Amino acid sequence: MSTDAPLMKEPDANANPPVDGSELIRLEQVTKRFGDNTVLDHLDFSVNAGKHVTLIGPSGSGKTTILRLLMTLTKPDEGTITVDGQQLFPAPEKQVREVRKKIGMVFQQFNLFPNMTALRNITEAPVTVLGMSKGEAEERARDLLDLVGLADKADARPSQLSGGQQQRVAIARALAMRPQVLLLDEVTSALDPELVAGVLDVLRNIARTTDITMLCVTHEMNFARDISDQVLMFDSGRVIESGAPEKIFSEPEHDRTREFLSAVL
Ligand SMILES: Nc1ncnc2c1ncn2[C@@H]1O[C@H](COP(=O)(O)OP(=O)(O)O)[C@@H](O)[C@H]1O
Ligand SMILES: [Mg+2]
């Protein structure tokens, strides 16, 4: 854990952050089907507080589905999902809304509000959802813009920003809700190649300087190696191999992992 984590250390109205290392996310026996297609098949996995866990695996293996389940954008057919000791599924609507606040997500497509400035994109949800005062939300938004290297772009509209800059605003917007966990789904896949490094540097910095838990889907293997405490290799809705990045990337046990890595590296 770092010593300079001003953004995550403030008292949080939503929750008592768990002690570092305790279980923050738990999926038990989670099954998700789309028609005849069983995408996740009795999946078990957990993520401990403060850890950075990366999901890798071929396209269609169910990685995005896991993140969408955690965002409650879709529901499992079977199983339970627990976040910070509270059930997210199954759970009554009110509890879902509470638990959902602990989770922030950044998507491949940044989806900023096009008619709002960068600053307003970041302050909107804290003001309307968390009931934060406009002044406090703006002060925090400026700190977050600074964190993502866009202190001078507060008044810019999305159309005036590059894709990489828009994605950095989207990261700041997710952090503005003070989530305990940040979900990142291939956040650089839609970017022009020259813009990828800047976004990854911002995420490396967040990983290093905050104690936010990260669950990340990426094809950027160097980035995954740098930031991950644990890498999970997915295939056909199951974790077929998991471990420290040095092990997964240097000495994978499964043929399937070796094949995947040789295709993407
Ligand atoms: N809304 C949906 N309707 C039908 N099938 C879906 C839907 N979302 C995902 N799938 C299917 O679920 C499988 C896993 O998809 P996804 O989780 O997006 O994989 P990944 O992110 O690993 O590429 C794929 O076979 C995909 O076609
Ligand atoms: Mg995906």
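Both ligands and their constituent atoms are indexed starting at 1 by order of listing. In this chain, numbering begins with 1 at the start of the sequence shown. Hydrogens, waters and symmetry mates are skipped; everything else that's a heavy atom, side chains included, is used. Remember, predicted model here, so these are calculated numbers, not experimental data.
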Identified side chain to side chain contact (heavy atoms under 4.5 Å, CB included) partner of T80 from the options Q29, E28, R26
E28
N/O/S atom of Q108 under 2.8 Å from the Mg ion (ligand 2), yes or no?
no
Is R173 close enough and on-axis enough to F113, meaning under 6.0 Å and within 45°, for cation-pi?
yes
Show me, by chain and number, every protein residue that has a heavy-atom distance under 4.0 Å to ligand 1.
F34, N37, V39, P58, S59, G60, S61, G62, K63, T64, T65
Taking side chain as C-beta onward, heavy atoms only, is S250 less than 4.5 Å from R225?
yes
Is the positively charged end of K247 above the ring of F249, judged by distance under 6.0 angstrom from the centroid and angle within 45° of the axis?
no
Determine, using the 4.5 Å side-chain heavy-atom cutoff (strictly less than), whether L265 and L200 are members of one ILVMFWY cluster.
no
Using the rule that Ile, Leu, Val, Met, Phe, Trp and Tyr join whenever any side-chain heavy atoms are under 4.5 Å apart, tell me whether V47 and I56 fall into a single cluster.
no
